[in-house]
Protein chains: 4
Amino acid sequence: MIVVMKSDATAQHVSDVIGRIKSDGYDAHLSEGEQRTIIGVVGSSPTPLKEENYGTMDGVDKVLRVTVPYKLASREFHPHDTLVPLNGSQMGSEKVLVIAGPCSVESREQIIETACAVKEAGATALRGGAFKPRTSPYSFQGHGEAGLKWLAEARERTGLPVVTEVMDPSLVPMVCEYADVLQIGTRNMQNFALLNAVGESQHTVLLKRGMSSTIEDLLMAAEYILSHGNKRVMLCERGIRTFETATRNTFDVNAIPVLKSMTHLPIVADPSHAVGKWEFVDAISRSAVAAGADGLIVEVHPKPDEAWSDGRQSLKPDRFEDLMKQVRRIAEAVGRTA
Amino acid sequence: MIVVMKSDATAQHVSDVIGRIKSDGYDAHLSEGEQRTIIGVVGSSPTPLKEENYGTMDGVDKVLRVTVPYKLASREFHPHDTLVPLNGSQMGSEKVLVIAGPCSVESREQIIETACAVKEAGATALRGGAFKPRTSPYSFQGHGEAGLKWLAEARERTGLPVVTEVMDPSLVPMVCEYADVLQIGTRNMQNFALLNAVGESQHTVLLKRGMSSTIEDLLMAAEYILSHGNKRVMLCERGIRTFETATRNTFDVNAIPVLKSMTHLPIVADPSHAVGKWEFVDAISRSAVAAGADGLIVEVHPKPDEAWSDGRQSLKPDRFEDLMKQVRRIAEAVGRTA
Amino acid sequence: MIVVMKSDATAQHVSDVIGRIKSDGYDAHLSEGEQRTIIGVVGSSPTPLKEENYGTMDGVDKVLRVTVPYKLASREFHPHDTLVPLNGSQMGSEKVLVIAGPCSVESREQIIETACAVKEAGATALRGGAFKPRTSPYSFQGHGEAGLKWLAEARERTGLPVVTEVMDPSLVPMVCEYADVLQIGTRNMQNFALLNAVGESQHTVLLKRGMSSTIEDLLMAAEYILSHGNKRVMLCERGIRTFETATRNTFDVNAIPVLKSMTHLPIVADPSHAVGKWEFVDAISRSAVAAGADGLIVEVHPKPDEAWSDGRQSLKPDRFEDLMKQVRRIAEAVGRTA
Amino acid sequence: MIVVMKSDATAQHVSDVIGRIKSDGYDAHLSEGEQRTIIGVVGSSPTPLKEENYGTMDGVDKVLRVTVPYKLASREFHPHDTLVPLNGSQMGSEKVLVIAGPCSVESREQIIETACAVKEAGATALRGGAFKPRTSPYSFQGHGEAGLKWLAEARERTGLPVVTEVMDPSLVPMVCEYADVLQIGTRNMQNFALLNAVGESQHTVLLKRGMSSTIEDLLMAAEYILSHGNKRVMLCERGIRTFETATRNTFDVNAIPVLKSMTHLPIVADPSHAVGKWEFVDAISRSAVAAGADGLIVEVHPKPDEAWSDGRQSLKPDRFEDLMKQVRRIAEAVGRTA
């Protein structure tokens, strides 16, 4: 931590800050410039440093953090890539893995039909929502446990592991019974009760970035899960909220290489939510894999214009098959497979 | 709903859209322009219209919604202001009510000392967190039920009702035992399981706007609570996330008069989180009341530079007392009291 | 400047950075922590420090700037408020000054009628655009010099000084002939050729914040003008671009007290562009003055529904008269006049 | 255009709107729903429709635009791709073209050395700034005409056409003498005087998206240039300003396929500014080409840690050579060359 004093800070102000640093158990290194004094905090102590408390002291201009606040998620402390097992493959390995399926599980027939189609096209896992976070209380909220059972049946038919969202901490045990991967949705990225619950479950987690969360916020949310000893965490970039209204979200493709440099966890991209219109999903999928994404999660529906949710961004199975071909070509161009 | 066809849509495309409108139980009004055909959907039907399904039909350019998607929160349907009782006064009435207290309940002494101080200065209610949503799993997470008990004790001493955050749906009943107002934090504005739980509780709710939620998103979140028959809902503008880094958030003061025009629910402003530095909290408080806010929620701490959280934006009691004087002058300037 | 080394930086990396600091003519203060080494740069030298060049050196994690990059605009170097003369009063003084008039100068009659009306209501200066920055090349681009002449005629009639936008550096001399204050619009805040031209003109300048410019960007733009010795600069907060679509822009009311703490220049608020709908202009005007704005610039049009531009956010003269009354009450509540 | 009436609009309000539509020379189609009346405006007239004037009429809730406001830039009106000649190739053709060079022209030697290096690696054109838009008036502002001369000399040596920024309308003729492509920088995207000047020049233009401009704003800025009969316009996505601070900007890769669907103009991506750190430029370049970009503009400097500007995001020549190889592989994977 570095404390930058104001240009009009007095010797007493500086002395008070140094006193506090010492009473917190650290050492203070003083750099006196012509205009300002800078105090570096070094050493270690059982007392954690609280930047904002220093920030309120008289004569202090600002306090700068030097180290990252996440440890378990950090590549600095864990240089090797974490590989998360999925259907005999591993997310984070050379092979780009694709998770596909409808936004909502609408019926037994719909989810089984879709599962067969995406498996045929080369998907590694099946997605489908039984509990749906909807902006409106009047929209379809998901079939709940019935939906989970249909997902499990689709897995039996196809062998595809099931990725599905959980929204309520109290339902984590039930969802774990049916699902292979627990998805934390964008609106719940900082639902800490839920993060703790999925952390404790020791189940594989797909953690979606909040729509206005920074990359660092995302890593801190992962840290919650990891702090329970659950290391099977995949991060998902799904677009952020910006001023642009031509697309549903703005896909932050920068986040992919930046995250790869900051963390050892695998990175999945969700092109469907990132752009919000099916006709652009292939371009965004290609861009994600080209930038280094380890996997994709794509919305596929047999009849998008009858979908109960997200029809506008869902691919028909034949288009998904074409998408898989495009993804394979890009994966090969970056030295991977798909 | 209005369906705008593409300029190259065929007669068959138009006919298909009209067919679907009719099979959904509505009437179609056709406006054929030189470049485009526009189809207005009128009438009523038990089948809800799904805009996005129309959006995926061939020949459709875009689908425009005409009516607001919230009913219970809407001023259009409920023109009269809702007044929410609070400590013998009413949020939403002529009197501007101020809720004040520390970010976190740190100890029995701290919360009682703060409660006495803010009461003395004229606060109507006491805020304080027993369950804290923290970005880092390594930060103080709150004292939990012990904190709630201290809050209740502070209420006994001062008569100030208690406003405190609840983060986990399963803890709503416990928090209701101690608290007068359940606060939904910015990170949980779209935690629908939680919104349903506080809706069912019939307890008074202070719903904070998500840091990247639109005004409409906020009203839809309120609609979740209202749809359980719980009408005691206060909305809170607390700043949104933008590109500006000089302040913690950007206080969207526009939202205050805009919300007053859209909804009958009372509007509270949180200047502490909105700007994030104590030295600007008075200016932002004044601006909120001048713009028409019905109340304020302000962070006050006896010793901000020892606060366990949010010290940077907490006022000392004497500054809070001064703030109350400023608020009263602005309230009078807009024909209210405080 | 502070250089933070990576945790795996070698002694050679540290030595190279120190060598460069010395060859640039500065001194290096070393703080060796357990995880990282931090190097403070102190002293002075004719060679300016280029942070980003240090940022590319091997072993460097990041480079932190300590001092503000603006000097002439900074309150740190110029603690006393700058007062800008306007029509016998001073922007930045106790009196809140209001500039009012139409978006575009549409005709001689329109501008004279409006000038008389706003003067009658208590405005200190007249605004009106003769050169209009329009998103579309097909929209009305302003009457040019003819418009300036009508503005000058309106000044003769009413005594109100004229505030008008200049968009092209080559037209600055001509606009100076007619105008009392040169307005730099939001789209030109970083049009450096234009900033230099108005700086050289020594004419009073109203500099609007760019719609996605940070507060620091705004001060740097002011620094361009000030660096020509032109000290008559007023800054204008007019709303920033965010994800919210319910309003034209998001009025960053936080910027007002934050700017007052960072700079000695007077701060004007533009509630008309900040919210974009006339029915909310009074609330936003009140909020701006309550937060400490020194002045307002408000769009007024005799017949908004016939306005050639910005009719949606223009007040009719009678509503402007009412606004002035509200502004006076708020000004008094904060110890000022209007 | 569609006018949506308020739910409490009277018959007189509706009648007034219809009267105005007719007096503007259009026809009105009425759709009376249970809650609201919707009025479609059809037909054509020499009087342009002003949405915002209708928006201020009594009883009107909102006015929706149906057609795009740009014509010359629109793919709807010009379905075939525009190809812009560049060094014997064409931007917009099957071949992905790469423009490369330093941020600033620092010296004759530097620009010639860089030109030779990027040519060797396969670049199609040379970039380099002689006039630099700098946030600070104290930063290097470019060598001006001397820089242009060195650029022209570099062209003679290598055959690479020169792409360079012009910032002042009055300097357009001079820059045209030396440059092959006029670059409009992000801060000048809505500098309409400049857009008109480069439009009139009939010189090839590279138009960069404003950092907070929507895709539609970008097309409207292009429309300014095109409206002068200058059809040689290339659009450039260079990252937008968002809340994320880990990168310099947020690369809006979505914009690439969206723009390709909306306009016939070629789309160039600037990965250097989009991400701001050289170590991620290759990943972002690959993502851009994978998404369908027609070209790239990349910052290359022989010694980034001595660069006068943008060193942090500049590639060394050997890394640029490697980038070209990566770009070629991605280009081939999407059926193109590079």
Side-chain angles (χ1 to χ4, degrees), chain A residues 68 209-219 237 239-262 269 271 273-277 279-293 325-335, chain D residues 68 209-219 237 239-262 269 271 274-277 279-293 325-335 338:
Chain A
V68 295
R209 181 179 181 183
M211 68 182 80
S212 69
S213 298
T214 63
I215 290 173
E216 186 175 299
D217 288 341
L218 173 59
L219 292 173
E237 162 60 37
I240 58 174
R241 190 165 261 190
T242 70
F243 62 81
E244 179 58 69
T245 54
T247 48
R248 183 170 178 179
N249 290 289
T250 295
F251 181 49
D252 184 6
V253 71
N254 283 353
I256 295 173
V258 171
L259 277 167
K260 294 302 278 184
S261 76
M262 295 169 81
H273 286 85
V275 71
K277 293 181 181 169
E279 56 269 44
F280 305 124
V281 168
D282 58 349
I284 302 312
S285 298
R286 294 191 310 258
S287 79
V289 175
K325 287 178 193 155
Q326 297 181 43
V327 165
R328 266 179 219 118
R329 284 196 294 268
I330 298 290
E332 283 160 21
V334 293
Chain D
V68 295
R209 181 179 179 183
M211 70 181 79
S212 69
S213 297
T214 63
I215 290 172
E216 188 176 298
D217 288 341
L218 173 59
L219 292 173
E237 162 60 37
I240 58 173
R241 189 163 260 191
T242 70
F243 61 82
E244 178 59 68
T245 55
T247 49
R248 182 169 179 180
N249 289 290
T250 296
F251 181 49
D252 183 7
V253 72
N254 282 354
I256 296 173
V258 170
L259 277 167
K260 294 300 278 184
S261 76
M262 293 168 84
V275 71
K277 295 182 180 169
E279 57 268 46
F280 305 124
V281 168
D282 59 348
I284 302 310
S285 298
R286 295 192 308 260
S287 80
V289 175
K325 288 179 193 154
Q326 297 181 43
V327 165
R328 266 178 221 116
R329 283 196 294 270
I330 298 290
E332 284 160 22
V334 294

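A note on names: the letters A, B, ... follow the listed sequences, proteins ahead of strands, and every chain is numbered from 1.
Closest approach of D:Ser261 to A:Phe280, counting heavy atoms only: OG-CZ, 3.6 Å. The minimum heavy-atom distance between D:Ala290 and A:Ala290, with the atom names listed, is CB-CB, 3.7 Å. For the residue pair A:Pro257 and D:Ile284, the shortest heavy atom distance occurs at CG-CD1, 4.1 Å. Taking all atoms of both residues into account, the shortest heavy-atom contact from D:Asp252 to A:Glu244 is OD2-CG, 4.3 Å. Contact record, A:Phe243 with D:Arg209: CE1-NH2, 4.3 Å, taken as the closest heavy-atom pair.
Heavy atoms closer than 4.5 Å to chain A are found in the backbone of D:Asn249, but not in its side chain. Within the 4.5 angstrom heavy-atom criterion, only side-chain atoms of A:Ala246, from C-beta onward, approach chain D. Within the 4.5 angstrom heavy-atom criterion, only backbone atoms of D:Arg241 (N, CA, C, O) approach chain A.
The OG1 atom of A:Thr242 sits 4.0 Å away from atom CD1 of D:Ile240, with the distance rounded to the nearest 0.5 Å. Expressed to the nearest 0.5 Å, how far NZ of D:Lys277 lies from CG of A:Asn254 amounts to 10.0 Å.
Proximity of D:Ile330 to A:Val334: side-chain heavy atoms (C-beta onward) are separated by under 4.5 Å at one or more points.
Of all the listed residues (A:Arg328, A:Arg286, A:Gln326, A:Glu332), the one sharing the greatest number of non-hydrogen pairs under 4.5 Å with chain D is A:Arg286. Taking A:Thr214, A:Thr247, A:Ile256 one by one and counting their heavy-atom pairs under 4.5 Å with chain D, the maximum is reached by A:Thr214.
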